[in-house]
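Structure, as structure tokens:
Counting starts at 1 for both ligands and their atoms, following the listed order. Throughout, residue positions are numbered sequentially from 1 according to the sequence presented.
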Amino acid sequence: NPPVTLSLRLIPYSENLWLLVARDVTRLLQLERMRRDFVANVSHELRTPLTVVHGYLDMLDPTEHPDWAPMLAEMQRQSQRMTQLVEDLLTLSRLESADHLANEETIAMPALLDTLRREALALSQNRHDIRVEDSAGVDLFGSHKELHSAFSNLVANAIRYTPAGGQVTVRFRKDRPERLASGVLAGRTGVVLEVADTGYGIPATHLPRITERFYRVSTSRSRESGGTGLGLSIVKHVLNLHQARLEIASEVGRGSTFSCHFGAERVRPRESLDIALP
Ligand code: ADP
């Protein structure tokens, strides 16, 4: 017989009786795997034709047909969007089917924070006040590639959903000590990477579903912003693989803070030297 996967739930029934409910989820998991494979295959197959379309579009010279210029520009913009969508779908399928991370290392946080600052400046094009604060004094242990992509997604969103003149802050700090079940404060604390903005904010009713694939608060604003609707799903999967937690605090019209909480087991002494340049 093929292996069967059971999902078990223990439900309190009365004072000294519990119910154990076992559900056969073999077929459900199989369907979920088929869905993932299908998305991954379609995305992969779309890559080549998109590269060709994109390549030829780049070769067309709008100055030869000035009346075509707006159409060419729009086709280029849309093919770029589709390429990003396919790349994000592939990233998501890869993360969904991974149960552990390859290539974990101690990540030099000062360098990563500096990269995030440069990315934010490039996206903002001087329309926002960008700040980076680093008070943690330690480094993170994890996948550099995946964490970089998760943090970049949060920074890109902060810029996208904050009108010109607003502020975007990336903060890397020690977490507050955790209170254990016994009520005692835990001895070791983790760290938090926080991306805070003074933008549009997210209505509370949307928060529980915001990390779902393609879930968007306002479709028109989000579409115009050029995102794919997959950014926060990617962030959530990357954090899960690091046993980290995403917390979102937001107020409409005031802004949002996305905090990535990493446990003490992800903290490493800082290896890199901070060299203060004049
Ligand atoms: P998108 O590509 O649409 O930005 P995401 O998964 O990154 O997709 O985000 C999902 C939705 O969450 C966005 O469409 C937007 O409505 C909302 N959102 C994400 N980040 C922010 C933010 N910093 N401020 C306000 N809304 C946000």
In terms of atom number and element, which parts of ligand 1 are under 4.0 angstrom from non-hydrogen atoms of [X]?
X: T228; answer: 2 (O)
X: G227; answer: 2 (O)
X: Y215; answer: 10 (C), 11 (C)

Are [X] and [Y] ion-paired here, with the side-chain N under 4.0 Å from a carboxylate O?
X: D134; Y: R117; value: no
X: R173; Y: E194; value: yes
X: R266; Y: E104; value: yes

Classify the ring geometry between Y215 and H206 as parallel (under 30°), tilted (30 to 60°) or perpendicular (over 60°). tilted

Do the rings of H148 and H144 sit parallel, tilted or perpendicular, given the 30° and 60° boundaries? perpendicular

Any atom of ligand 1 sitting under 4.0 Å from a heavy atom of [X]?
X: F214; value: no
X: R160; value: yes
X: Y200; value: no

Heavy-atom pair with the smallest gap, counting every atom of S233 and E212: OG-C, 3.3 Å

Atom pair NE2/OG1 of H237 and T211 - distance to nearest 0.5 Å: 9.0 Å

Nearest heavy atom to atom 2 (O) of ligand 1 wins, so pick from G229, G199, A156, G231. G229

For atom 17 (C) of ligand 1, which of D197, V155, I210, N157 has the closest heavy atom? I210

Under the side-chain contact (heavy atoms from CB on, under 4.5 Å) test against L46, which residue among N41, V86, L89 passes? V86

Does [X], backbone or side chain, put an N or O under 3.5 Å from an N or O of ligand 1?
X: V217; result: yes
X: Y161; result: yes
X: F258; result: no

Residue-level breakdown please: for L232 versus ligand 1, do any non-hydrogen atoms fall below 4.0 Å on the side chain, on the backbone, on both, or on neither? both

